[in-house]
Asks: 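Okay, handing you the structure first.
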Number of protein chains: 2
Amino acid sequence: MTAAGNHQASRPVGRRLERAGIRDVAAAAGVSITTVSDALNGKGRLPDATRRHVREVADRLGYRPSAAARTLRTGRSGLIGLTVTTYGEEPFTFTEFAYFAEMARAATSAALARGYALVILPASSRHDVWGNVALDGTVVVDPSDHDPVVTELVRQGVPVVSDGRPAGSLPVHAWVDNDHEEAVLGILDHLAAAGARRIGLLTGTSTDTYTRLSTTAYLEWCERIGQEPVYEAYPAHDPCAGAVAADRLLARPDRPDAVYGLFDPNGTDLLAAARRYGLRVPDDLLLVCCSESTGYAATEPPITTLSLKPRRIGTAVVQLLIDAIEGVGPAHPVQQVMPTELIIRTSSQRRPHRTTVSAPRTPARGGG
Amino acid sequence: MTAAGNHQASRPVGRRLERAGIRDVAAAAGVSITTVSDALNGKGRLPDATRRHVREVADRLGYRPSAAARTLRTGRSGLIGLTVTTYGEEPFTFTEFAYFAEMARAATSAALARGYALVILPASSRHDVWGNVALDGTVVVDPSDHDPVVTELVRQGVPVVSDGRPAGSLPVHAWVDNDHEEAVLGILDHLAAAGARRIGLLTGTSTDTYTRLSTTAYLEWCERIGQEPVYEAYPAHDPCAGAVAADRLLARPDRPDAVYGLFDPNGTDLLAAARRYGLRVPDDLLLVCCSESTGYAATEPPITTLSLKPRRIGTAVVQLLIDAIEGVGPAHPVQQVMPTELIIRTSSQRRPHRTTVSAPRTPARGGG
DNA sequence: GGATCATGCAGAAACCTTCCTTCCGGCCGC
DNA sequence: GCGGCCGGAAGGAAGGTTTCTGCATGATCC
């Protein structure tokens, strides 16, 4: 049973005192309900005097239109769902933590600026919760292959825009994603330029597109360069497995002299593993990982990270979604590929102790 | 103009195909609307056969009750606002980032488990967005002195529970907070026990209760111990100011040999400042800061942190709020004080290279 | 001067559900 | 046999807004 349907509770505290309705305003202002509605919503043909008068009376009465009634009538709630695929009970995953937080922050901001609010709805939510909230559209982060919730939403005609290419044939209205191939190739080239002879990869076992595209790009690069691939894959949603995989990678007989880790915690895990094996970073081992965490600027040594620029993605996703909801913008599905940014720190430079930041590919202003 | 009120847009994409209403189900099942409603909601007096039949027909038709209509009728939306006081444009502040993310995660989870969803609504949101979403209640993080939004909500009879003691006379229904005094005293004792002779404080200029209580506790401790207070205060929402303040603190003639920083970035800032002045941590300078960031386990050296246990707080706040919404639990305001946890790492131990974790003050189960 | 038109406003339907009230038989006890 | 009770189901009133339609009124134009 959903919250709204639950009425067995006694003596509700939230009893709203009799709120003024549009009726009361109309009566107090000596006009009709229609006139009040028009005056307040800037519609209809009304002289400014009437408009002002109505507004004033409404203010005096502390009138607030009922969101429920408005939603019922207009079919618009001003609410956007924010979904992230979950593993286990937690609303969002550990590996994507910083990414998700940043992305959600930008999305909230962008939505708010256009008059919408975000509702956090993990894909694992009880079905009745999904059904019980009126959504104008949904942002879905990293949709899994045939997500039942997303499928259902699309079937109902609710616009869905995804962060990350939808796997399979998930019929989203639009998606935004990074250029993962280019990002990986850029990193591998960067490491090779820093003197790496054998570059390893720490990757995931799941089939999401991020993992898949990145891994493929790595394998192709190896193929092209003529390097034997050296990688370990682990279930990315399990934090412990990451540490183990990092260790395994550095314990191999064909130990790499540079590693790229696809997930946020890989940096610290690899660093810890390197210490255990007495490997100096960056002298014996070059390190890069994909992360939004600012903490990697303060590790010893600071670790080079790939930023997916979640702020930009979050903003873009929301804009696309609201465009779809409001019917502006292209009617056809949009696919937007956004650049990443490599933040070069000590861990990936053979000449250590010189910390620089690469020039962003777009003007840095507000980029976060 | 709010989103729901905005109708000048053309050719809406989100056109829902004619969804089946309760009327259609009733017709298809050959019963009345009432019967359908009762059957689906488990109310009324109906034989199981009828119930099953109705349910089946509803399923076949893909019937989903309209959330808006239900909300209008019942006065319950199943939506809980999640507010955080903001500085500037961003929905949540930099200093509280990890804390907020963790807290929001737990809150989302707890709300979901009871059939509610969370709506992210920064205090700085445009007023019309606030007005346009039907909230059953609101969680407010670190309410500022006389927050107009909170005041308005309370006036409307919407239950409000705050994370952090409400400043001034904000009439929230309940609050949850850490025992900040005890936490600070514990840290100061810990530092003193590690050999600190003069403990400094990095604090904020704002008047929120966290800053105020912590600073007061520090000053009282100094008074009691007979140490001259050594502290720098800065506007906590400005990340650069933090670095500057950290530097200033270590540049003082009466340089402290131990520092506690009240805010998340203080750890790295202090570490950087210490390096600039050639101070070894923990040999020349003991360091503790308040943070939820796991990154401090991987700095060089790892930094002792005070965790406010945001997961616990987020869960507690939501439980309290939903209790208030549903009218269960005590009618009187509840004040819940929760313990913190000091995670002791190298930076605060005179005998370095031994990393341990303090036993939590409450059984660790599920604590996060 | 009458037809046309813009303007200002009101009435009422529609949105979809919940739930209070009522109704109708059948059955039991006296 | 009849009154009362009970199970089963339906009727219909909210709930508060938006918006379509339509009615006056007064101005404008030929």
Side-chain angles (χ1 to χ4, degrees), chain A residues 1-8 15-16 18-27 29-54 58 61-78 128 131-134, chain B residues 1-8 15-16 18-27 29-54 58 61 63-78 128 131-134 156:
Chain A
M1 182 184 299
T2 64
N6 179 4
H7 283 275
Q8 55 215 17
R15 265 188 86 53
R16 309 191 155 65
E18 302 308 328
R19 280 180 32 179
I22 199 173
R23 236 185 304 269
D24 306 310
V25 178
V31 295
S32 77
I33 292 181
T34 308
T35 305
V36 174
S37 179
D38 284 349
L40 262 33
N41 293 331
K43 307 201 169 169
R45 304 169 302 197
L46 298 178
D48 276 358
T50 309
R51 244 177 249 282
R52 263 199 309 276
H53 177 221
V54 170
L61 264 52
Y63 168 70
R64 296 254 143 240
S66 147
R70 171 175 288 173
T71 301
L72 178 59
R73 182 64 237 246
T74 61
R76 293 273 177 82
S77 66
D128 53 351
N132 205 39
V133 38
Chain B
M1 184 184 300
T2 64
N6 180 5
H7 283 274
Q8 55 216 16
R15 262 190 89 52
R16 313 193 149 64
E18 300 310 325
R19 280 180 33 180
I22 199 173
R23 233 185 306 269
D24 305 309
V25 178
V31 295
S32 77
I33 293 181
T34 307
T35 305
V36 175
S37 178
D38 283 349
L40 262 33
N41 294 331
K43 306 201 169 170
R45 303 171 301 196
L46 299 178
D48 276 0
T50 310
R51 246 176 246 283
R52 262 199 310 275
H53 177 223
V54 170
L61 265 51
Y63 166 71
R64 296 251 146 244
S66 147
R70 171 175 287 174
T71 299
L72 179 59
R73 185 64 239 248
T74 62
R76 293 277 176 82
S77 65
D128 53 353
N132 205 41
V133 38
Q156 282 180 26

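Below, chain A is the first sequence line, B the second, and so on; all start at residue 1.
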Asks: Send over the distance from A:Leu61 CG to D:dG16 P, rounded to a whole Å.
Replies: 14 Å
Asks: Using atom types as modelled and distance alone, determine if a side-chain donor or acceptor of B:Thr74 lies under 3.5 Å from a backbone N or O of B:Arg70.
Replies: yes
Asks: My understanding is that only residues two or more places apart in sequence, or in another chain, count here; which of them pass side-chain contact (heavy atoms from CB on, under 4.5 Å) with A:Arg64?
Replies: A:Arg19, B:His127, B:Glu152, B:Gln156
Asks: Could you give the CG-to-C1' distance, from B:Asp48 to D:dA9, as a whole number of Å?
Replies: 16 Å
Asks: For a side-chain contact (heavy atoms from CB on, under 4.5 Å) check, start with the C-alpha distance between B:Leu61 and B:Asp24, then their side-chain angles and the critical distance, and finish with the verdict.
Replies: CA-CA 8 Å; B:Leu61 265 51; B:Asp24 305 309; 4.3 Å; yes
Asks: Nearest whole angstrom, please: distance from the P of D:dG16 to the CZ of A:Arg23.
Replies: 6 Å
Asks: Whole angstrom is fine here: how far is it from CZ in B:Arg76 over to P in D:dG15?
Replies: 17 Å
Asks: Could you list the residues that satisfy side-chain contact (heavy atoms from CB on, under 4.5 Å) with B:Thr35, not counting sequence neighbours?
Replies: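 So B:Thr35 forms a side-chain contact (heavy atoms from CB on, under 4.5 Å) with B:Val31, B:Ser32, B:Leu46, B:Thr50.
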Asks: Hey, does A:Ser66 reach any base, or is it just sugar-phosphate, or nothing, if we go heavy atoms under 4.0 Å?
Replies: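 Touches sugar-phosphate only.
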Asks: When you measure from the side chain of B:Ser37 to the backbone of B:Ile33, do you find a donor-acceptor pair of N or O atoms at a distance under 3.5 Å?
Replies: no
Asks: Could you please name the option among C:dC16, D:dT19, C:dT17 that lies closest to any side-chain atom of A:Leu72?
Replies: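 Looking only at side-chain atoms, A:Leu72 lies closest to C:dC16.
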Asks: Atom CZ of B:Arg70 and atom P of D:dG16: how far apart are they, to the nearest Å?
Replies: 19 Å
Asks: Does the protein touch nucleotides 5-12 of chain C at the base, only the backbone, or not at all? Give it as B, S and - per nucleotide, heavy atoms under 4.0 Å.
Replies: --BBBBBB
Asks: Once you round to the nearest 0.5 Å, how far does CG of A:Asn132 lie from OG of B:Ser66?
Replies: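 A:Asn132 CG to B:Ser66 OG: 9.5 Å, rounded to 0.5 Å.
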Asks: Please state how far atom CG in A:Asp24 lies from atom C1' in D:dG16, giving the value in whole angstrom units.
Replies: 11 Å
